[in-house]
Amino acid sequence: MVRKDLSITFMGVKFPNPFCLSSSPVGNCYDMCAKAYREGWGGVVFKTIGPKHYLIDEVSPRFDALTKEAEPFVGFKNMEQIAEHPLEENLADLRRLKKEFPNQVLIASIMGSNEEDWEELARLVTEAGADMIELNFSCPQMTSHAMGSDVGSNPELCRKYCQAVRRGTKLPFMAKMTPNITDMCDPAVASIEGGANGISAINTIKSIINVDLDKKVGLPIVDGKSSISGYSGKAVKPVALRFIQQMRMNPKLKDVELSGIGGIETWEDAAEFILLGCKNLQVTTGIMQYGYRIVEDMKNGLEHYMDEQGVDRLEDLVGLANKNIIPAEELDRDYIVYPEINKDKCVGCGRCVISCYDGAHQAMEWDKDSRRPNCNHDKCVGCLLCGLVCPVGAIKPGERVLKAGRKEKNLKKMVLQDTMEKL
Amino acid sequence: MSKKYQEEYEVAFSPRLVMEEASRCLLCLDAPCSASCPAGTDPAKFIRSLRFKNVKGAAETVRINNILGAICARVCPTERYCQAGCSRSGIDKPIDIGRIQRYITDFEDALKMDILEVKEDNGKKIAVIGSGPAGLTVAAELAKEGFKVTIYEKEAKAGGYLRYGIPEYRLPNAIVDREIDRIVKLGVDIVLNTKVGEDIKVEDLRKDNDAVIFAVGYSQGKMLDMFKDNRKVIKAVDWLKKTKIRKGNVKVPENVLVIGGGDVAMDVVTSLKLLGCPHVTDVVYEQFSEFRASKKELMNAQEQGVTIIDGYVPVATGRGGIVKFKHRILPAELKIKADLIILAVGQVADVDGLGLTLEKGEVNVRGVRIPDTNMFFAGDIAHGEKTVVWGVRSGKEVAFEVKRFLGGKK
């Protein structure tokens, strides 16, 4: 039975484990957060609390899901804004949660429409007992352009609002970034300069995920119309990881503490964010689909991973992958890895041949009689698309050959493509 | 594909296929599967772990609950238990929980995971008589709690019916070995070739131990009077034992008649077919609608081409392997001549010299302890179904009661 300590200190606060609800429908009230704490979440980011004057009025329906083949939930679209409960009620919930769950971390997410709002909200949630604060600069479906991702894509507003929050609290706080921007580093740097102690990323991606072909309108349909709104879930993980990496590579941000968000469902997803530099992790879509219980396997799986890696502190895994992600121009372009086909494992579907012809370099040849593929090395460029489409994992990276006229620069043992290894 | 006696009949899941199967799981609220295992297995939890890529966690869930997890995965008639209430049946068919559990325990073995922990020695000694499912389970559960446990087994190897009964194609002895190795590693001693009541007295065990647990099981096949001394007749358990010990190297005649319709009968007829017997005829007392054998085993037998005749009862025998049957309800008769007749008409316990009184095959005492003694009983001779999973259940229950009876440290 594996037993590893998952505790980690993030922005000066010790978390029993790095897993938190992100600010969203999953942490909307006392009962929800209390249940999440009981099921083992290390922390909760309570659904974003807005100023008293900003009234929330939601649409119905408000969600939609992107599917692919038999997968019911590749990505998820959400139109909900910030907490709809009255300010006083939210603050009362915060007070009660902190009192009843003193050892788990309570993070208040706030969003104002001007400096006064931000300062006041920071003061209120501090008084209510929050351990730290997250500034929501990033919700892409607010009904006010003075709030949400319009703020997060404007570095100067980020800086100003961070300064306002700093006036209202002594607590550590992080700024939650929007991915609806070319370079996240600009608002992140501005936030840190404004006084933020950390950055969380990413919020949802502006999207239209389905269009009803008869009614000619996006989904979900609200009285015959629809809007662009935030996209999340497994499908956005690659985008989130990219922003995390870019911030870690920025000289002004490289030591800033990060909370990773975007498509985390399994311990493997979590470990990826950790290896790319996150000390804290936030989840919503996975919970909306499967429930708070997913934390059990994320925690246990991460403990097993620590055990395999021979580390006793989760912190020792943070950022280990950053150095291995380098600019494309620096990659070794001197060799080709040819596919190795296991003809016994092969079931003779020919998908590799189809994909190689139509999507690559026409190197995979087909023996009609035996129904088996064969790779022609004269044509093969070693892209290994074949291995990715093979349904039985019969094609793996094989012989590695230097391109004509190139010299071996790097005698290090080649790391085989992990995605292929998993097949 | 032609199947062999020495190879597992059911093909194992590959990593991709097990994920496909786990993805069929609806991850229900208050999952029916987890409420219906006699041994307390929580399939909903281990399938969810698998689904969320935590296979090691899944292995922990299986193993901590069931010391015979890899065996149950293969032999349990899951259609009667965990799979019976599966919500997925509302769409198509239940999740193949047994095969998923097999994948998980195979994974555990492949990675040589060491999941179980043993508490500090509590100074108390336990003797267990019999090393079948119930004996192994009660021994392992008590060893984990810090008891010093010794199992006494009359045969040359441990495992009882698991080793000497269930055929290799359904439960390879290599799997039985691995499960027993794990139990030995918990600190359990197994004394082989020792029949309690003959080689060692129950009284001596009682004196030397804080508790004695009878887990002798139904090791003997039943005989029907009309077949007594008939040289063409062998009892199913004896035939299965011989066949498993010899790894299938037994002489199989052209034409075999099997009488009986339970899982033991199915084990016999399918084994015969896998060993190349051309004509296997199984005559069964029950009609198909009331069959006792698990659906899977019945299906395998039919897939192998066994002739199954239902509703007939043997009424007389003739020379040279002739048996006459009458239909239980209809005015019909049947006469079959066979080279070999195998009787699979039930089993009984061998309690000679143990001082136990059985009533309808079970110790006629309420609970699991013989009143005013330190003697407990588990498995087939205790009240309940006579299956491996019930043996596990009984072993766990008796371990709990022994622990309660003996209390904490000495």
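Chain letters run A, B, ... following the sequence lines, proteins first and then strands; every chain starts at 1.
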Stepwise side-chain hydrogen bond (donor to acceptor under 3.5 Å, both in side chains) test for B/Glu60 and A/Asn300 = CA-CA 10 Å; B/Glu60 289 176 344; A/Asn300 185 258; 3.2 Å; yes
Test A/Ser24 against A/Thr284 for side-chain hydrogen bond (donor to acceptor under 3.5 Å, both in side chains), laying out the working first.
-> CA-CA 7 Å; A/Ser24 74; A/Thr284 281; 2.6 Å; yes
Best-contacting candidate, A/Met298, A/Arg293, A/Glu265, against chain B by heavy atom pairs under 4.5 angstrom | A/Arg293
Could you tell me how the ring of A/Phe76 sits relative to the ring of A/Phe63: parallel (under 30°), tilted (30 to 60°) or perpendicular (over 60°)?
->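 Geometry flag for A/Phe63 against A/Phe76: tilted rings.
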Proximity breakdown for A/Tyr290 and chain B, heavy-atom pairs closer than 4.5 Å = side chain
Whatever's closer than 4.5 Å to a heavy atom in chain B on A/Glu308 counts as side chain
Shortest non-hydrogen separation from A/Val353 to A/Pro373 and the atoms involved =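 Shortest heavy-atom contact: CG2-CB, 4.0 Å.
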B/Leu17, part contacting chain A, at a heavy-atom distance under 4.5 Å =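 Neither; nothing under 4.5 Å.
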Rounded to the nearest 0.5 Å, the CZ atom of A/Arg242 sits from the CD1 atom of A/Ile325 at a distance of 12.5 Å
So which of B/Pro15, B/Ala58, B/Gly57 has the biggest tally of heavy-atom pairs under 4.5 Å with chain A?
->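 Highest number of pairs under 4.5 Å: B/Gly57.
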